[in-house]
Amino acid sequence: MANRHTIILMQASHNRASRTFMDFGSITQAMEGICGLYERKLKEINPALRNLSYDIADLYNFIDGLADLSALVYDHTIQAYLPYDRQWIKQKTFQHLKKLAH
């Protein structure tokens with residue numbers, strides 16, 4: 001499941017022009033990408049801070065604050081992309097951060 005091409009579809013605000021996508025080689029890389037987006041946002045807001053720290057609730061608030069967020073994950077068995085919602089992304093980012101903590 002780790003090496004499955006993943007496309008993150010995102011809309012930052014209600015403005016349709018804020019729609020974008022991010023392309024990753026695996027689900028893990030996609031979750032790193034979402035965490036990285038949030039970390040860049042934190043650095044933007046707090047440029048003087050050298051060390052950023054946040055908890056899962058902060059990350060979830062960021063994810064919930066996006067107008068839209070979903071994932072398309074390639075499934076080799078059916079040779080197609082399967083859609084996943086915001087809740088699935090939150091669950092996967094939590095699992096990813098938990099692995100990093102150990």
Side-chain angles (χ1 to χ4, degrees):
M1 180 134 166
N3 292 328
R4 292 170 58 192
H5 186 249
T6 303
I7 301 168
I8 299 296
L9 303 172
M10 186 178 91
Q11 185 172 333
S13 70
H14 292 290
N15 181 348
R16 292 172 72 100
S18 71
R19 286 181 177 174
T20 190
F21 73 94
M22 297 177 291
D23 195 8
F24 300 97
S26 70
I27 293 170
T28 298
Q29 289 172 351
M31 297 311 116
E32 287 170 0
I34 291 169
C35 291
L37 265 179
Y38 178 58
E39 290 165 10
R40 283 191 293 283
K41 183 79 170 166
L42 284 178
K43 286 177 186 170
E44 242 176 64
I45 296 167
N46 307 293
L49 280 182
R50 292 182 76 96
N51 295 319
L52 294 173
S53 66
Y54 59 92
D55 64 22
I56 196 70
D58 297 327
L59 181 60
Y60 284 177
N61 285 335
F62 169 74
I63 290 171
D64 288 336
L66 297 170
D68 196 14
L69 184 69
S70 58
L72 296 172
V73 180
Y74 191 73
D75 185 330
H76 296 279
T77 58
I78 61 169
Q79 296 187 347
Y81 286 88
L82 296 174
Y84 293 95
D85 64 5
R86 187 185 311 253
Q87 279 307 118
W88 181 86
I89 291 171
K90 287 164 71 171
Q91 188 179 25
K92 289 294 180 186
T93 54
F94 177 72
Q95 290 170 359
H96 173 69
L97 291 173
K98 207 161 102 174
K99 278 183 198 166
L100 292 178
H102 293 311

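For reference, positions follow the sequence shown, starting with 1.
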(request) With rounding to the nearest 0.5 Å, note down the distance linking NE2 in His5 to CG in Asp23. (result) 3.5 Å
(message) Between Arg19 and Asp68, does any NZ, NE, NH1 or NH2 come within less than 4.0 Å of an OD or OE carboxylate oxygen?
(response) no
(request) Calculate, to the nearest 0.5 Å, the distance between atoms CD1 and CD1 belonging to Ile8 and Ile27 respectively. (result) 9.0 Å
(message) Are the side chains of Lys43 and Arg40 in contact, using a 4.5 Å heavy-atom criterion?
(response) no
(request) Determine whether Thr6 and Tyr84 make a side-chain contact, defined as any pair of heavy atoms from C-beta on separated by less than 4.5 Å. (result) no
(request) Count the heavy atoms belonging to other residues, nucleotides or ligands that lie under 6.0 Å from CZ of Phe21, then report whether that count exceeds 12. (result) no
(request) Enter the distance from Arg50:CZ to Leu52:CG here, rounded to the nearest 0.5 Å. (result) 11.5 Å
(message) Using 0.5 Å steps for rounding, measure from the CG atom of Asn61 to the OH atom of Tyr54.
(response) 13.0 Å
(request) List the atom of Glu44, the atom of Pro47, and the distance in Å for their closest heavy-atom pair. (result) O-CD, 3.6 Å
(request) Compare every heavy atom of Ser13 with every heavy atom of Ala67, then report the nearest pair and how far apart it is. (result) CB-O, 3.2 Å
(message) What I'd like to find out is whether the side chain of Phe62 reaches to under 4.5 Å of the side chain of Leu37, using heavy atoms alone.
(response) yes
(message) Once rounded to the nearest 0.5 Å, what's the spacing between atom CD of Glu32 and atom NE2 of His96?
(response) 4.0 Å
(message) Name the residue from Ile89, Leu59, Ile56 that meets the side chain to side chain contact (heavy atoms under 4.5 Å, CB included) definition with Phe94.
(response) Ile56
(request) Kindly give the heavy-atom pair with the smallest separation between Gln79 and Tyr74, and that separation in Å. (result) CA-OH, 3.1 Å
(message) Membership question, hydrophobic clusters at under 4.5 Å side-chain separation (ILVMFWY): are Leu49 and Ile45 in the same one?
(response) no
(message) Counting C-beta onward and ignoring hydrogens, is there a side-chain heavy-atom pair between Trp88 and Val73 closer than 4.5 Å?
(response) yes
(request) Decide yes or no for Ile34 and Met10: does some side-chain heavy atom of the first lie under 4.5 Å from some side-chain heavy atom of the second? (result) no
(message) For Phe24, is there any backbone N or O sitting under 3.5 Å from a side-chain donor or acceptor partner on Ser26?
(response) no
(request) First locate atom NZ of Lys90, then atom CG of Leu69, and finally report the distance between them rounded to the nearest 0.5 Å. (result) 10.0 Å
(request) Answer whether the closest heavy-atom distance between the side chains of Gln87 and Gln91 falls below 4.5 Å. (result) no
(message) With a 4.5 Å cut-off on side-chain heavy-atom distances among I, L, V, M, F, W and Y, is there a chain of contacts connecting Met31 to Leu97?
(response) yes
(request) Step through the shown structure and confirm whether more than 12 heavy atoms of other residues, nucleotides or ligands are within 6.0 Å of NE2 on His14. (result) no
(message) Do Pro83 and Leu72 have side chains that approach each other closer than 4.5 Å (heavy atoms only, starting at C-beta)?
(response) yes
(message) Taking the side chain as everything from C-beta on, heavy atoms only, tell me whether Thr93 gets closer than 4.5 Å to Tyr60.
(response) yes
(message) Ignoring hydrogens, what is the shortest heavy-atom contact between Ile78 and Leu82? Give both atom names and the distance.
(response) CD1-CD2, 3.7 Å
(message) For a quick check under 3.5 Å, do Asp75 and Thr77 share a side-chain donor-acceptor pair by atom type?
(response) yes
